[in-house]
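Everything quoted here is computed from the prediction, not taken from an experiment.
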Amino acid sequence: MKPTHQCNQIDLKLENQEVIVAGWVQRRRDHGGLIFIDLRDSNDLVQVVFSPETAQDAHKLAHELRSEFVIAVQGKVSKRPEGTENPNLTTGEIEIMADELEIINRSETPPFVIEDSGPQVSEDTKLKYRYLDLRRPSMQRNLRVRHKATMAARNYLDKQGFFEIETPVLTKSTPEGARDFLVPSRFNPGKFFAMPQSPQLFKQLLMISGFGKYFQIVKCYRDEDLRADRQFEFTQIDIEMSFTDEEEIFALTEGLFADIFQKCLGITIPTPIKRMKYHEAMERFGSDKPDERFGMELINISDIVADCQFKVFSSIVAKDGQVKAIVAPKQADLSRKQIDILTDFVKDFGAKGLVSFKILEDEVDSPVRKYFSDEVLKNIIERTEAKVGDLILIVADKPKVVAESLGRLRLKLGNDLGLIDESQFKFSWIVDFPLFHYNEEEKRLDSEHHPFTGIHEKDMELLDIDPLKVRSRSYDLVLNGSELASGSIRIHKQDLQEKIFRILKINKEEAQQKFGFFLEALKFGAPPHGGIAPGLDRLVAIMCGIKSIRDVIAFPKTQSGTCPLTGAPSEVSEEQLKELGLSVEEVLE
RNA sequence: GGGGCUGUGGUGCAGUCUGGUCUAACACGCUGGCCUGUCAAGCCAGAGAUCGCGGGUUCAAUUCCCGUCAGCCCCGCCA
């Protein structure tokens, strides 16, 4: 029997019609007489009724049904008897009175119940039986949203005149940035391909090739530790254009996201998306990817405490440090112990300590209360707009430490206190990033974005004088505190590109060896170009209201980078190693 | 490399702090029986756990200690 309808297509309009549905047994309710089966297909659930009076054979066979059996049922769509409708089901008004039942395939009892409600199964078990986990309606929905987002992106970019060009997965290791996944070359023993961390140089080469508008929905590979929002392999909507500028890329990207949100969620996102300078983001939120769904911004009180009795504050201000505060609403009743926990939290991010002021009805309570005059306190309260019952939390340190620690604390409190409205989508562009940052360990400059990032025309002369002040032409699109897309206008002149390598202390030989092919290409009439690369996994996760991108990837890895389903990674045979000219060292304890 | 949380029948959990009463509880699921309007069906009966693994302390360890493994969250890392 082949299905004539999907479960979600069955409604009252089909009353008294014969249909065939096929799917899995979600649940069986055997009354001895009547047997009810909830039949699940990839779209919905529908109730099938087996009655000994109307279909004796089918009823008899239905006794054998168990969870996850694959069946096909032929029967008549009927309106449910008055009072037995189930408003919790979309198909709750009708049911199928079975005439015939075919057990297409039996199933062992599944290790967990295939449903969204009920106890949450451990990640390990879910991934081991991922094919069962994926039967759950929410997983079906997540992957459907992912598909729709991908299709929307393809269609949108196609309409804008872009074409999708594939780039190699087996390519050259360019040991900048993340750790590469390597693939040994059998033809060239001792040599390795690397899997791309992104198709960055290939898409730039395509611009040089004269493909003015390129995109690719492409896997990228980075051998770094995994997180809830990071997998070894992830997918980017990779985009690059020639003869372009920031305005064009912003407009294109905004159009792309507007289209995706409209088509997948029916949500209209307001455009244009507002822009925020990197420095403003760091000052107000202590982060280059601010979550703007709630307040609690960082407030600078350095000037107020510059001359106060509390030496920790005044001395830091004197040393060009910063003193900043956030206000935790209605948290003045936190215990000493709870504040200690927050203090330990900021210490993880380099802060020396956390000063707290509890704003009570007619006094301010603080371990360091005695160092502050009433006037200074009044000014702090005025500046921070703290109200009675609030808790002011202050960090004093180098600006970088203040931003990092208070920014993180803000996020933690925002989460813990439930200040975040999860139904919102808050986009913003972050612009005017610095081109470089100082790498303390290596005692040299590193690219903030990547070494191919273009430079603000006005800052060009700063390159030799004060490179840390140079602003790049890169931009990030941030959604709800998550970096959703990152891109830049690139360098298209060979001499400038070489100069950047010099500043990054990549010597000529090294640059030649790693990027020589690219520097060569830049000599042959490279057009100005730029692009952006939205991360599909994070986008879909946010659209689905999900924390972990594992839930929007069909077959993800665990945090330790393994696949419980297949057992990957695994050992390989001696023959395979020999062919590749590899040997594995025993790891001794 | 580091910090935190978790690990007890198939699944989710109680018990662990304060060792003996644990012959390991409960719910779901499973097996069998009864049952013609349920939809978390109901009722009855039953099976199913060397308490992640290894070591130690103790007369005695699911419980305390050390180590280890796995999952999750995080720091570092992720141009």
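As judged by a 4.0 angstrom heavy-atom cut-off over every strand, S560(A) is placed among residues touching the sugar-phosphate backbone only. Across all strands shown, T453(A) has no heavy atoms under 4.0 Å from either base or sugar-phosphate atoms. Counting non-hydrogen atoms under 4.0 angstrom, Q200(A) reaches a base of the nucleic acid.
In the set C74(B), G29(B), G71(B), G29(B) carries the atom at the smallest distance from any side-chain atom of T109(A). Residue D225(A) places its side chain closer to G1(B) than to any other of A70(B), C78(B), G1(B). Of the candidates U31(B), C74(B), A70(B), U31(B) carries the atom nearest the R66(A) side chain, counting heavy atoms from C-beta on. Closest to the E224(A) side chain, of the nucleotides C75(B), U36(B), C78(B), is C78(B).
Ion pairing of E115(A) with R136(A) is absent here, as no side-chain N (NZ or NE/NH1/NH2) approaches a carboxylate O to less than 4.0 Å. Salt bridge status for R66(A) with E108(A): absent, with no side-chain N to carboxylate O gap under 4.0 Å. Taking a cutoff of 4.0 Å between a charged side-chain nitrogen and a carboxylate oxygen, K60(A) and D57(A) do not qualify as a salt bridge. Checked for salt-bridge contact, R222(A) and E233(A) miss the test: no charged N lies under 4.0 Å from a carboxylate O. A salt bridge links E510(A) with K514(A); the closest basic N to acidic carboxylate O contact falls under 4.0 Å. In this structure, E95(A) does not pair ionically with K79(A), as no charged nitrogen and carboxylate oxygen lie closer than 4.0 Å. Between K289(A) and E483(A), none of the side-chain N atoms (NZ, or NE/NH1/NH2) sits under 4.0 Å from a carboxylate O, so this pair counts as no salt bridge. Ion pairing between R227(A) and D229(A) fails under the 4.0 Å rule for side-chain N and carboxylate O.
If you take atom P in C66(B) and the same atom in A27(B), they sit 36 Å apart, rounded to whole Å. When the C1' atom is used for both A25(B) and U16(B), the distance is 14 Å, rounded to whole Å. Rounded to a whole angstrom, the distance from the P atom of C5(B) to that of G67(B) is 14 Å. Comparing the same atom, C1', in A61(B) and in G20(B) gives a spacing of 10 Å after rounding to whole Å. For the P atom pair drawn from C53(B) and G10(B), the interatomic distance equals 13 Å after rounding to whole Å. The P atoms of G52(B) and A24(B) are separated by 16 Å, rounded to the nearest whole Å. Atom name P, nucleotides C72(B) and A41(B): the rounded distance is 31 Å, in whole Å. Rounded to whole Å, the C1' atom of C13(B) lies 14 Å from the corresponding atom of A49(B).
Within the structure, every pair that satisfies the side chain to side chain donor-acceptor pair (under 3.5 Å) test and touches residues 493-508 of chain A, not counting sequence neighbours, is listed here: D464(A)-K499(A), Q494(A)-E498(A). Sorted by first then second residue, the side chain to side chain donor-acceptor pair (under 3.5 Å) pairs that include residues 31-42 of chain A, not counting sequence neighbours, are Q26(A)-R40(A), R29(A)-D38(A), R40(A)-E68(A).
Counting to the nearest Å, the P atom of C77(B) and the CG atom of D223(A) are 16 Å from each other. Atom CG in D416(A) sits roughly 16 Å away from atom P in C73(B) (whole-Å rounding). Across the protein-nucleic acid pair, E53(A) atom CD and U36(B) atom P stand 10 Å apart, rounded to whole Å. Straight-line distance from the CG atom of N415(A) to the C1' atom of C74(B): 13 Å, rounded to whole Å. In this structure, F181(A) atom CZ and C78(B) atom P are separated by 15 Å, rounded to whole Å. Following rounding to the nearest Å, K557(A) (NZ) and G71(B) (C1') show an atom-to-atom distance of 16 Å. To the nearest angstrom, C1' of C77(B) lies 13 Å from CG of D229(A). To the nearest angstrom, C1' of G71(B) lies 16 Å from OH of Y129(A).
Taking 3.5 Å as the limit, the base of G3(B) and the side chain of D348(A) contain no donor-acceptor pair of atoms between them. A donor-acceptor contact under 3.5 angstrom links the side-chain atoms of R230(A) to the base of C78(B).
Pairing for C64(B) goes to G56(B), judged as Watson-Crick or G-U wobble with the two contacts each under 3.5 Å. Figure legend. G37(B) is base-paired to no nucleotide; pairs are counted as Watson-Crick or G-U wobble with both atom distances under 3.5 Å. Of all nucleotides present, only G4(B) satisfies the Watson-Crick or G-U wobble test against C72(B), with each distance under 3.5 Å.
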Inset, instruction - Produce a footprint string for nucleotides 38-49 of chain B: one letter per nucleotide, 5' end first; B if the base is under 4.0 Å from any protein heavy atom, S if only the sugar-phosphate is, - if neither. - result: BBSB--------
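Of the residues near RNA chain B, H437(A) and Q559(A), the one whose nearest nucleotide (by heavy atom distance) lies more toward the 5' end is Q559(A).
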Show every donor-acceptor pair shorter than 3.5 Å between a side-chain atom in residues 562-571 of chain A and any protein atom, with sequence neighbours excluded, or say none if there are none.
unit_1, atom_1, unit_2, atom_2, d
T562(A), OG1, T558(A), OG1, 3.0
T566(A), OG1, A568(A), N, 3.1

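Side chain to side chain, S488(A) and R490(A) meet the donor-acceptor criterion of an N or O pair below 3.5 Å.
Of the residues in residues 486-495 of chain A, none has a non-hydrogen atom less than 4.0 angstrom from any atom of RNA chain B.
Using a 4.0 Å cut-off, some side-chain N or O of R550(A) falls inside it from OP1 or OP2 of C73(B). Between R408(A) and the phosphate of C74(B), there is no side-chain N or O to OP1/OP2 separation shorter than 4.0 Å.
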Could I get a table of every N or O pair under 3.5 Å where one atom is in the protein and the other is in nucleotides 8-11 of chain B?
unit_1, atom_1, unit_2, atom_2, d
G10(B), O2', P111(A), O, 2.8
U11(B), O4', P111(A), O, 3.2

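Below 30°, between 30° and 60°, or above 60°: for H450(A) and F452(A) the angle between ring planes is between 30° and 60°, a tilted geometry. Under the 30°/60° scheme for interplanar angles, the aromatic rings of F515(A) and F501(A) are found to lie parallel.
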